[in-house]
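Notes for the one structure printed next.
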Amino acid sequence: MKIATFNINNVNNRLPNLLQWLEVEKPDIVSLQELKTEDGSFPVKALADAGYGAVWSGERSWNGVAILARGAEPVVTRRGLPGDDADTQSRYIEAAVKGFLVTSIYLPNGNPQPGPKFTYKLKWLERLILHAGDLLASGAPLVLAGDYNVVPTEQDIYVSKSNSYAKNALVQPESRAAFRKLLDLGFTDALRKIHPSGPLWTFWDYKRRLWPIDKGLRLDHFLLSPAVAKTLVDAGVDRWVRGEESASDHAPAWIELQTGKSRKSTKRRSPK
DNA sequence: ATGTCGGCAAAATGCCGA
């Protein structure tokens, strides 16, 4: 069972990139962020033709989240993060799919920092901590996937002398503390579980032309509830996607979970 | 300090968000 999260940065402009990646990597479940399209313009037919059912929450021009499932239709369990009825931005969708409760999270960027956008980000993180706690208490098998817009630790950002990210909302101690608090509820950071140290970039800034020199950040994360974490067998980043023509500034991150089905296939190894 | 991109309103340029 391969589950991926991908900030597509405009699902219609980058539909060819998305379809090519789905065709090559064939993830079973996909969490998408930054659709940048209204509900009516979501490419539901193109995705169905590619073999994927979808649920989504769109928004004009900005934000927007979706969950895709290969050969299945996700069942929406929640749209929008609870805790603020005045928050109308499409940044959260949650669905039951293939035996998991999966999210697509597009956490607020929070820049410029300090300012109202950073305040909104921190409040959003607090709301997420509360809701994630409720989800854990429910006992559901959780895969909290998305673009968290948080660089969890210093090893999750490239080393630079100028330190041009010093004031950025993505690396602030408050952002990191909230992410830590989320993990401390009992979640496993899947990518770091598999790759405990070293670069694991999922984002390379257009601005500083950081892709060609491979200076990136780790912003896209999977938080797994304990029972799901026990089934984690592999994780990685589909870096090749970032090098394509008209690429998003993010690459897809993915996890592989051992299910009954895949256990059988791994047992079918040839003898030594 | 800047960079790149794209969307948007409202004019083909500048502002804003990431």
Side-chain angles (χ1 to χ4, degrees), chain A residues 5-18 20-21 31-43 56-66 80-81 84 86-93 104-125 128 145-152 156-172 174-176 178-179 201-221 237 239 241-253:
Chain A
T5 184
F6 187 13
N7 180 321
I8 188 66
N9 189 9
N10 198 320
V11 71
N12 285 311
N13 288 0
R14 265 177 260 287
L15 187 58
N17 303 63
L18 176 61
Q20 187 198 10
W21 168 68
S31 171
L32 286 180
Q33 301 83 36
E34 283 208 82
L35 305 179
K36 295 187 171 174
T37 181
E38 288 170 298
D39 280 341
S41 308
F42 184 81
W56 63 93
S57 278
E59 184 179 331
R60 184 172 176 260
S61 309
W62 314 109
N63 308 321
V65 284
L81 194 59
D84 183 0
D87 183 3
T88 57
Q89 299 185 26
S90 294
R91 295 181 174 278
Y92 186 89
I93 190 168
S104 180
I105 289 167
Y106 178 48
L107 217 136
N109 172 293
N111 285 304
Q113 182 284 133
K117 287 174 188 294
F118 188 57
T119 306
Y120 172 59
K121 176 187 192 126
L122 295 181
K123 290 211 160 135
W124 211 96
L125 274 160
L128 181 59
D147 175 0
Y148 283 71
N149 266 321
V150 175
V151 173
D156 295 312
I157 183 166
Y158 68 94
V159 175
S160 79
K161 284 175 215 155
S162 63
N163 199 12
S164 49
Y165 272 94
K167 292 203 161 184
N168 197 292
L170 309 180
V171 304
Q172 293 312 301
E174 297 95 324
S175 308
R176 286 177 170 168
F179 187 78
W201 317 141
T202 66
F203 165 88
W204 297 257
D205 207 333
Y206 291 132
K207 278 203 280 275
R208 301 169 179 85
R209 294 186 172 280
L210 295 184
W211 167 249
I213 52 175
D214 194 20
K215 290 179 183 283
L217 288 70
R218 187 170 78 101
L219 300 179
D220 303 274
H221 309 302
V237 178
R239 291 170 52 98
V241 175
R242 184 61 179 82
E244 294 293 290
E245 191 81 19
S246 304
S248 167
D249 42 4
H250 294 249

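Keep in mind it's a predicted model, so treat the numbers as computed, not measured. Note: hydrogens, waters and symmetry copies are ignored here, and every other heavy atom, side chains too, is used. Reminder, nothing fancy here: chain letters follow the sequence lines and each chain counts from 1.
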Below 3.5 Å is the cut-off: list the nitrogen or oxygen pairs between protein and nucleotides 11-15 of chain B, distance only.
none

Considering only nitrogen or oxygen atoms on both sides, find all protein atoms under 3.5 Å from nucleotides 3-6 of chain B and state each distance.
{"unit_1": "dG3(B)", "atom_1": "N2", "unit_2": "Arg208(A)", "atom_2": "NE", "d": "3.3"}
{"unit_1": "dT4(B)", "atom_1": "O4'", "unit_2": "Tyr206(A)", "atom_2": "O", "d": "3.0"}

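Residues satisfying the side-chain contact (heavy atoms from CB on, under 4.5 Å) test with Asn63(A), not counting sequence neighbours, are Glu59(A), Gln89(A), Arg91(A), Tyr106(A). For Asp39(A), the side-chain contact (heavy atoms from CB on, under 4.5 Å) test picks out Trp56(A), with sequence neighbours left out. Partners of Thr202(A) under the side-chain hydrogen bond (donor to acceptor under 3.5 Å, both in side chains) rule, at least two apart in sequence or in another chain, are Asp220(A). Taking the side-chain contact (heavy atoms from CB on, under 4.5 Å) definition, one finds that Ser57(A) meets it with Val65(A), Arg79(A), Ser90(A), Ile93(A), sequence neighbours left out. Among residues two or more places apart in sequence or in another chain, the ring pair (Phe, Tyr, Trp, His ring centres under 6.0 Å) test is passed with His250(A) by Phe203(A). Residues forming a ring pair (Phe, Tyr, Trp, His ring centres under 6.0 Å) with Phe179(A) (at least two apart in sequence, or on another chain): Tyr148(A), His221(A). With sequence neighbours excluded, the residues satisfying side-chain contact (heavy atoms from CB on, under 4.5 Å) with Ala247(A) are Arg242(A).
Rounded to a whole angstrom, the distance from the P atom of dC5(B) to that of dA1(B) is 23 Å.
When the C1' atom of dA18(B) is taken as reference, atom CD of Glu34(A) falls 7 Å away, rounded to whole Å.
Side chain to side chain, Lys121(A) and Asn109(A) fail the donor-acceptor criterion of an N or O pair below 3.5 Å.
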